[in-house]
J.: 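Questions regarding the structure given below will be posed in turn.
Numbers here are sequence positions counted from 1.
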Amino acid sequence: MDVVEVPDGSRFEARDGERVLGFAEYHRDGRTVVFTHTEVGPEHEGQGVGGELVRGALDAVRDRGDDVVALCPFVSAWIARHPEYRDLLREAAPGSSGG
């Protein structure tokens, strides 16, 4: 499985060859990547796809020197379980929401 960024689609995708296993949508606010929604195909749930997707996306963000707002509950929970990624977090603006 590879994690690739699709800037035109404002998302990261977990892929097996050309097949998309899951995605993490975002929008950019300057140098901040705001993750809004993560989805894994039902046939791939429980196989670690979501975790690898988030890890790959956050590694790409870190490599660029950007930071993250985790409006997506999955991304937020994943970061809470992996303290080595908490340094990427920036506070969300009041009234922001994700899903």
J.: How close do Ala70 and Leu89 get, counting heavy atoms only, and between which atoms?
T.: CB-CD2, 4.2 Å
J.: Show the numbers, then the answer: is there a side-chain contact (heavy atoms from CB on, under 4.5 Å) between His44 and Met1?
T.: CA-CA 12 Å; His44 305 295; Met1 181 181 75; over 6 Å; no
J.: Within this structure, what is the CD-CD distance for the pair Gln47 and Glu52, rounded to the nearest 0.5 Å?
T.: 12.5 Å
J.: Can you classify the ring geometry of His82 versus Tyr85 as parallel (below 30°), tilted (30 to 60°) or perpendicular (above 60°)?
T.: perpendicular
J.: When you group the ILVMFWY residues by side-chain heavy-atom contacts below 4.5 Å and let the links chain together, are Val49 and Val3 in the same group?
T.: no
J.: Kindly give the heavy-atom pair with the smallest separation between Leu53 and Ala24, and that separation in Å.
T.: CD2-N, 3.8 Å
J.: Among Val69, Leu71, Val68, which one satisfies side-chain contact (heavy atoms from CB on, under 4.5 Å) with Phe35?
T.: Val68
J.: Which heavy atom of Gly51 sits nearest a heavy atom of Phe74, and at what distance?
T.: N-CZ, 4.0 Å
J.: Contact between Arg62 and Asp87 at the side-chain level, heavy atoms closer than 4.5 Å - yes or no?
T.: yes
J.: State, with a plain yes or no, whether a side-chain heavy atom of Asp66 is found less than 4.5 Å away from one of Arg31.
T.: yes
J.: Is any side-chain heavy atom of Leu58 less than 4.5 Å from a side-chain heavy atom of Ile79?
T.: yes
J.: Would you call the rings of Phe23 and His37 parallel, tilted or perpendicular, where under 30° means parallel and over 60° means perpendicular?
T.: tilted
J.: Minimum heavy-atom separation for Arg11 to Tyr26, with atom names?
T.: N-CE2, 3.2 Å
J.: Grab the two heavy atoms, one from Gly17 and one from Arg15, that are nearest each other, plus how far apart they are.
T.: O-CB, 3.6 Å
J.: Between Leu88 and Val75, is there a shared hydrophobic cluster once you connect ILVMFWY residues whose side-chain heavy atoms come closer than 4.5 Å?
T.: yes
J.: Assigning hydrophobic clusters by single linkage (Ile, Leu, Val, Met, Phe, Trp, Tyr; side-chain heavy-atom cutoff under 4.5 Å), is Leu21 placed with Trp78?
T.: no
J.: Quick one, Val33 and Glu5 - any side-chain contact, counting heavy atoms below 4.5 Å?
T.: no
